[in-house]
Amino acid sequence: MEERYEPAVVEKAAQQFWNSARSFAAQEDAARDKYYCLSMFPYPSGRCHMGHVRNYTIGDVLSRFMRMNGRNVLQPMGWDAFGLPAENAAMANHVPPAKWTRDNIAYMRMQLQSLGLAIDWSRELATCDPSYYRWNQWLFLRMLESGVAYRRTGVVNWDPVDQTVLANEQVIDGRGWRTGALVEKREIPMYYLNITRYGDELLEALDGLPGWPERVKTMQANWIGRSTGCEIAFPHADDTRAALASGAGTTGGTLKVFTTRADTLFGATFMAVAAEHPIALAAGARDPALQGFIDECRRGSTMEADVATMEKKGRPTGLHVLHPFTGRKLPVWVANYVLMGYGEGAVMGVPAHDERDFAFASQHGLPIETVVRSKTGAYESVVAPWIDAYGERGITVNSGEFDGLEFEPAVDAIAAALERRGLGRKRIQFRLRDWGISRQRYWGCPIPLIHCASCGVVPVPDAQLPVVLPEDLVPDGSGNPLARSAAFLDCACPRCGSPARRETDTMDTFVDSSWYFLRFASADSTEAMIDARADYWLPVDQYIGGIEHAILHLLYSRFWTRVMRDLGLTKVTEPFSNLLTQGMVLNDIFYSQPAEGRRVFYNPADVDSEEVDGQKRWFHEDSSGKRTPIVHDGLGTMSKSKNNGVDPQSLVEKYGADTARLFMMFTAPPEQSLEWSDDGVLGSYRFIRRLWTAVHAHVAAGGPVPRAAVAGCVGALNGLQKTLRRAAHQTLAKVTDDIGRRRTFNTAIAAVMELLNAVGRFEDRSPAGRAVVQEALEIAVMGLSPMIPHVTHVLWRELGHAVALIDEPWRAADAGALLQDEVVMVVQVNGKLRGEIRVAVDADEATVRSAALANADVQRFVAGGTPRKIVVVPRKLVNVVV
RNA sequence: GCCGACGUGGUGGAAUUGGUAGACACACUAGCUUGAGGGGCUAGCGCCGUAAGGCGUGGGAGUUCGAGUCUCCCCGUCGGCACCA
């Protein structure tokens, strides 16, 4: 055995063994329990960062652990290969997105392989391969047939200078990121998937997912946001009716709203509608000032966070509706915080009992009328000046025949009365909205439709799938290059044969990632989207990915799997049995903002700082010595777009993959977010080297001790030998529990470090002593092997084993080795630690009490007082209360 | 703004079911080693205090014999908010 640990040599040898033995090629085997372990596939951004190392090492630790525990493990890998960054890179470098993407995949595949992951690479897929995305298209057509997919208009960000649709990420402070032009909202036709149809099921099924973190289930439940409320119709007053009849031509006679607080209906003093609402449009047509306000509302962001934080603005339309019970005329306002896409595009304003309505009414001098009082308090007749809205549920007042009711009876009574008049009813409403999948972008899966002048929108026949995306186009930032590609556009109408045009919109990349986990089970199938092998492997037993996917990706995947189930393609309903949400790896974000054009992000490694008047300033100095002042924008997830990733490659080259893996697993538990720092990498490296040295010293001193010889001397160990053996088996039990149940790899590693420290202090070189050391080293090596598979693979051989470590069964701790005769208990006086006692492990409570009271330190603090109470926690603690 | 989480020594973290706060490491300090460069070993290392002891888990209150852990309020940080993935 080499005395020196050489990571490059060790890692090459181990990887060559696994490759030639095909250790990680997964085969369906009905006789064995399968374990499908999946880490979320990466976007091929160019280079891996430490977040990837964390994600894939966690999956690898679990895969290797489960394999050694007898499971038939599948761990595949693929590439989420469509998306916006490829188009941005294409614009910057004048390279087609396809080439950029495939080059990135090649480099990142090499990086992942250098980490020694136990992956079945024969199942690798990329979502930009026609053999993959043809099934997106195929299923989309099935969804159109079943009505799950449908067409309607939706709102997008429009850059008027580039004449192009912008992603939310490309809108910065309301302006296009390249042009700086004020962004406008624009309504265009799009395709939607009817996820709300599955809203109830997606919500209720969360209870059947015990392997998911509570926080994720809570977030999903809140996102779906099922609420019971009332639809209420406010009849148009004469002025509104007249305006609509002459204006937009809309009739219908009422203004509909949805509310969860029908009990406050009598407190409604105004109505607020979205800028795009028919009443707003009709009023705007007659009032240029109002039209100006409506136009202003059209600008600005479509993002909920922006809408929720922007200044609330509104203007009166001059039109009115009638209260459904009192007939009172209520003014209709246009408000920028009411969005057409949510609910009915209109809300009733109840300032006394809603924060936002209160702020709006206060600002515009609208009446505020109390209709709910608290259950406990007296009637709170609140007169001006108002302090705040009373938003709690209470007892109705000033509500005519509905006075004196609690929340639920009030809602029920009001809903029933509305229904009798034909002006409303109870209704269930979801916060969840249907999923718009159309993207006006090139680098995505083409939507398989054809536009024909005579037949309209015609689906591409299955036999003509896939609609292949041309891979040689280079986007330039203005519009979709597909729309300028005659080779793509021109086709014949499948129905009438006349010349027609292809749809140029592509699909949201969330479509690609909503079913890849199913495809891995039948990755080579050319005949079908998935086949019977999916029923063997699915559901995914352990899914691992960043907490940032807690809602969208996971919800879309749950939805998509149900659609496939309902089409008879799979028996699976829930795709992921257990979910581990990995915490984000954070790093500083730095950018400079030129007077014109887009922000430039700087990697933290390229940023310097100085103190000026006690204030820290950041700057970037280029090779010519020119300094650019830089803004520090806090901490954020490592990403390509923020240019704050740390490439693991230099770490791997310097210390080896095992050190990189060990460090990421040791530095924090997996679910916790982590501020990147490489302090401590060296410590992980030194630990591996200590492990190597310990095995080397043991083997050099007389060779490995065979297993039979170890077993032979267990019955006749002396005290110190027994103690080390107990420590070894306690470590094994803890490592098994920490990996298998708790998923706290950091504490598993710490436990092995302690064991190795104990081995280092153990100086007994007798045959029995060497046998105990052999066993302790085997436990250390096996226990760490899921984390540092390469070095442990080699060390296992050196410890005298012919079978490769990855093919060994995981050992169980010997219960006999764990037994103890005595325990140390701590004694508190009034809750403060005062002493220790040593008692037999099975001592009864009376013995423990008297031992505690007899302790000299305890007596000093009891100081003649009488114990009022003595609390005994068996085998742990005694608390004497004086 | 809304939804979800997190906050413990100089640093990363440990404390698994309400029961010894700081395991295991990093950094630092001192010493040893005639293998100078990220070497090895030993010792020290929460704060105040000579000590006895006191204080201490973002801040404030509460429940309990006992709170890092449970409850309430506040502050800060991170993730998500539907076209980044």
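Every chain is numbered from 1, with letters handed out A, B, ... down the list of sequences.
- Side chains of A/V862 and A/Q859 form no contact here, defined as non-hydrogen atoms less than 4.5 Å apart.
- Distance CD (A/Q582) to P (B/A85): 19 Å, rounded to an integer number of Å.
- Phosphate contact (OP1/OP2 of B/C6, side-chain N/O of A/Q672, threshold under 4.0 Å): absent.
- Among the protein residues, A/P669 comes within range of the sugar-phosphate backbone only, with heavy atoms under 4.0 Å from sugar or phosphate atoms but none that close to a base.
- Here A/H49 pairs with A/H52 under the ring-ring contact (aromatic ring centres under 6.0 Å, His included) rule; sequence neighbours left out.
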Name each donor-acceptor pair under 3.5 Å that joins a side chain in residues 302-310 of chain A to protein atoms two or more places apart or in another chain, with its distance.
from: A/T302; atom 1: OG1; to: A/N157; atom 2: OD1; distance (Å): 3.3
from: A/T302; atom 1: OG1; to: A/N168; atom 2: OD1; distance (Å): 3.4
from: A/D306; atom 1: OD2; to: A/S301; atom 2: OG; distance (Å): 2.7
from: A/T309; atom 1: OG1; to: A/A305; atom 2: O; distance (Å): 2.8
from: A/T309; atom 1: OG1; to: A/D306; atom 2: O; distance (Å): 3.4

Hey, can you pull the donor-acceptor pairs under 3.5 Å for the side chains in residues 870-882 of chain A, sequence neighbours left out?
from: A/N879; atom 1: OD1; to: A/G831; atom 2: N; distance (Å): 3.0

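- Note on A/A550: nothing from the nucleic acid sits closer than 4.0 angstrom, heavy atoms only.
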Show the atom names and distances, to 0.1 Å, of all donor-acceptor pairs under 3.5 Å that link a side chain in residues 659-673 of chain A to residues at least two apart or in another chain.
from: A/T659; atom 1: OG1; to: A/Y655; atom 2: O; distance (Å): 3.3
from: A/R661; atom 1: NE; to: A/M787; atom 2: O; distance (Å): 2.8
from: A/R661; atom 1: NH1; to: A/D60; atom 2: OD2; distance (Å): 2.9
from: A/R661; atom 1: NH1; to: A/L115; atom 2: O; distance (Å): 2.9
from: A/R661; atom 1: NH2; to: A/D60; atom 2: OD2; distance (Å): 2.8
from: A/R661; atom 1: NH2; to: A/P786; atom 2: O; distance (Å): 3.0
from: A/E671; atom 1: OE2; to: A/T581; atom 2: N; distance (Å): 3.2
from: A/E671; atom 1: OE2; to: A/T581; atom 2: OG1; distance (Å): 3.2

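- Checked by distance alone, A/Y337 brings no side-chain donor or acceptor within 3.5 Å of a matching partner on the base of B/G1.
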Extract from the structure each pairing of a protein N or O with an N or O of nucleotides 52-57 of chain B at less than 3.5 Å, listing the distance.
from: B/G53; atom 1: OP1; to: A/R860; atom 2: NH1; distance (Å): 3.2
from: B/G53; atom 1: OP1; to: A/R860; atom 2: NH2; distance (Å): 2.9
from: B/G54; atom 1: OP1; to: A/R834; atom 2: NH2; distance (Å): 3.2
from: B/G54; atom 1: OP2; to: A/R834; atom 2: NH1; distance (Å): 3.4
from: B/C55; atom 1: OP2; to: A/K832; atom 2: NZ; distance (Å): 3.2

Practice task
Any chance you could encode RNA chain B as dot-bracket? Rule is Watson-Crick or G-U wobble with both distances under 3.5 Å; [ ] for pairs crossing earlier ones, | for another strand.
Solution key: (((((((..(((......[....))).((((((.....)))))).(((....)))..(((((..]....))))))))))))....
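- Contacts of A/M40 with the nucleic acid, taken as non-hydrogen atoms under 4.0 Å apart, are absent.
- With its glycosidic angle within 90° of 0, B/G9 adopts the syn conformation.
- A/F687 comes within 4.0 angstrom of no nucleic acid atom, judged by non-hydrogen atoms across all strands.
- Donor-acceptor pairing under 3.5 Å, judged by distance alone, is present between the side chain of A/R433 and the base of B/A82.
- Looking at heavy-atom distances under 4.0 Å, A/K312 makes no contact with the nucleic acid at all.
- Using a 4.0 Å heavy-atom distance criterion, A/V307 is classed as making no nucleic acid contact.
- Among the protein residues, A/R742 comes within range of the nucleic acid bases, having at least one heavy atom under 4.0 Å from a base atom.
- Residue pairs meeting the salt bridge (charged side-chain N to carboxylate O under 4.0 Å, His left out) criterion with at least one member in residues 44-53 of chain A, sequence neighbours excluded: A/R47-A/D647.
- In this structure, of B/A82, B/G19, B/G38, it is B/A82 that holds the atom nearest to the side chain of A/N168.
- Rounding to whole angstrom units, CZ of residue A/R54 and P of B/G12 are separated by 14 Å.
- Pairs engaging residues 504-513 of chain A under the salt bridge (charged side-chain N to carboxylate O under 4.0 Å, His left out) rule: A/R439-A/D508 [sequence neighbours left out].
- Taking 4.5 Å as the limit, every side-chain heavy atom of A/N643 sits out of range of all side-chain heavy atoms of A/Y591.
- Residues from residues 748-755 of chain A placing a heavy atom under 4.0 Å of any atom in RNA chain B, listed by number, are A/A750, A/M753, A/E754.
- Using bins of under 30°, 30° to 60° and over 60° for the plane-to-plane angle, the ring pair A/Y516/A/Y543 lands in the tilted bin.
- Looking at A/D159 and A/T164, their side chains never bring a donor and an acceptor atom within 3.5 Å of each other.
- No contact: A/K217 has no heavy atom under 4.0 Å from any strand.
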Distances under 3.5 Å between nitrogen or oxygen atoms of protein and nucleotides 65-75 of chain B:
from: B/C65; atom 1: O2; to: A/N879; atom 2: ND2; distance (Å): 2.6

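- Among the protein residues, A/T218 comes within range of the sugar-phosphate backbone only, with heavy atoms under 4.0 Å from sugar or phosphate atoms but none that close to a base.
- With respect to A/R4 and A/E6, a salt bridge is recorded, a charged nitrogen being found less than 4.0 Å from a carboxylate O.
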For nucleotides 77-80 of chain B, list the nitrogen or oxygen atoms of the protein found under 3.5 Å from its nitrogen or oxygen atoms, one pair per line.
from: B/C78; atom 1: OP1; to: A/L635; atom 2: N; distance (Å): 3.3
from: B/C78; atom 1: OP1; to: A/L635; atom 2: O; distance (Å): 3.3
from: B/G79; atom 1: OP1; to: A/T637; atom 2: N; distance (Å): 3.3
from: B/G79; atom 1: OP1; to: A/T637; atom 2: OG1; distance (Å): 3.4

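- Within 4.0 Å (heavy atoms only), A/Y685 reaches no atom of the nucleic acid at all.
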Write out a two-atom table: protein N or O, nucleotide N or O from nucleotides 40-43 of chain B, distance below 3.5 Å.
from: B/G40; atom 1: OP1; to: A/R689; atom 2: NH2; distance (Å): 3.2

